[in-house]
Amino acid sequence: GTAANHHVTASGNISASGTITANGGTFTGNIELPNNGNIFVGSNDTKIEANNDDYWKIFANGNETARFTVNNIIFNENGNAKDFRVEGQNDENLFLVDGSEDKIAIGTDTVSDSLLTVDGDVKVTNITASGNISASGTITANTITAEHITSTDDMTVTDDLLVNGK
């Protein structure tokens, strides 16, 4: 039957063999899902899925968007062209993973042709590179140790320059 416009109070367990639908309401205790249970939002395609004690999955329009396990959180498990963005207090693009370009951006929502695009200053304590390091601006360092330094423009050294080799 139905309880339209009525208040139902139960002091024990309530069980149902079908779907229980509520329009609003407050739960003051626990909501327990059976193993492999789901919470649907609007349709079967948008849901939170519990898989035993192993993980929780979040689906949006049929696509798995996140999986939470004991050991990690996985976003975009299926490799769809979906972006992942972290907002800061003053920067809505504090960290962006562009799923369609397979690139990362920090401080901007625009990725470039390199793996990592940064809009802002970067402070690094040690850089080790197996290839070229290039800059469109000034490189400031207390010490630079290199086998080869090449410049296609002017190079200014404001302190001692020690050159070993030929």
Side-chain angles (χ1 to χ4, degrees), residues 1-4 8 10 12-141 144-147:
T2 63
V8 177
N13 295 333
I14 299 174
S15 63
S17 60
T19 301
I20 298 175
T21 303
N23 187 4
T26 302
F27 294 95
T28 57
N30 296 327
I31 298 174
E32 184 176 331
L33 295 177
N35 288 337
N36 301 318
N38 294 299
I39 299 172
F40 297 103
V41 182
S43 74
N44 291 348
D45 290 339
T46 300
K47 64 184 176 181
I48 299 173
E49 177 183 291
N51 186 307
N52 299 318
D53 290 334
D54 297 332
Y55 57 79
W56 284 77
K57 292 181 186 178
I58 298 176
F59 290 83
N61 200 24
N63 294 305
E64 181 182 331
T65 58
R67 181 183 300 201
F68 299 82
T69 72
V70 171
N71 297 319
N72 54 39
I73 299 172
I74 303 166
F75 295 95
N76 199 17
E77 170 76 8
N78 296 327
N80 297 319
K82 306 290 182 193
D83 296 345
F84 169 77
R85 183 168 52 100
V86 176
E87 292 190 15
Q89 183 175 357
N90 300 307
D91 189 343
E92 68 179 20
N93 295 297
L94 188 61
F95 184 82
L96 171 76
V97 176
D98 188 318
S100 60
E101 296 293 329
D102 295 330
K103 309 279 185 192
I104 300 169
I106 298 175
T108 180
D109 64 351
T110 305
V111 295
S112 67
D113 59 349
S114 65
L115 172 64
L116 175 64
T117 302
V118 179
D119 182 14
D121 295 337
V122 177
K123 182 177 182 179
V124 181
T125 54
N126 186 21
I127 297 175
T128 302
S130 60
N132 295 332
I133 298 175
S134 63
S136 59
T138 303
I139 297 175
T140 304
I144 295 178
T145 303
E147 291 183 22

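The shown structure was predicted, so the numbers you read here are calculated from the model rather than taken from an experiment. In this chain, numbering begins with 1 at the start of the sequence shown.
Nearest heavy-atom pair across I133 and I127 is CD1-CG2, 3.8 Å. Scanning all heavy atoms of the two residues, the minimum distance from V124 to N126 falls at CG1-O, 3.2 Å. In plain terms, the two heavy atoms of A105 and V111 that are nearest each other are CB-CG1, 3.9 Å.
Going from atom OG1 of T110 over to atom NZ of K103 covers 14.0 Å, rounded to the nearest 0.5 Å. In this structure, NZ on K57 lies 4.5 Å from CZ on R67, to the nearest 0.5 angstrom. The CG atom of N51 sits 11.5 Å away from the OG1 atom of T69 when rounded to the nearest 0.5 Å. Separation of atoms CD1 (I104) and CG (L115) is listed at 5.0 Å; rounding is to 0.5 Å. With rounding to the nearest 0.5 Å, the separation of CD in E64 from CG in N80 is 9.5 Å. Rounded to the nearest 0.5 Å, atoms CG (D109) and CZ (R85) are 8.0 Å apart.
A donor-acceptor pair under 3.5 Å is formed between the side chain of T117 and the backbone N or O of S112. A donor-acceptor pair under 3.5 Å is formed between the side chain of T65 and the backbone N or O of I58.
Partners of F68 by ring-ring contact (aromatic ring centres under 6.0 Å, His included), not counting sequence neighbours: none found. Listed by chain and residue number, E49 satisfy the salt bridge (Lys or Arg N to Asp or Glu O under 4.0 Å) test with K47 (two or more places apart in sequence, or in another chain). Listed by chain and number, the residues in a ring-ring contact (aromatic ring centres under 6.0 Å, His included) with F40 amount to none (sequence neighbours excluded).
No side-chain heavy atom of L96 sits less than 4.5 Å from a side-chain heavy atom of T108.
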*For the pair D98 and D83, evaluate side-chain contact (heavy atoms from CB on, under 4.5 Å) and give the outcome as yes or no after the intermediate values.*
CA-CA 5 Å; D98 188 318; D83 296 345; 3.5 Å; yes
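A 6.0 Å sphere centred on CG of N132 holds no more than 12 heavy atoms belonging to other residues, nucleotides or ligands.
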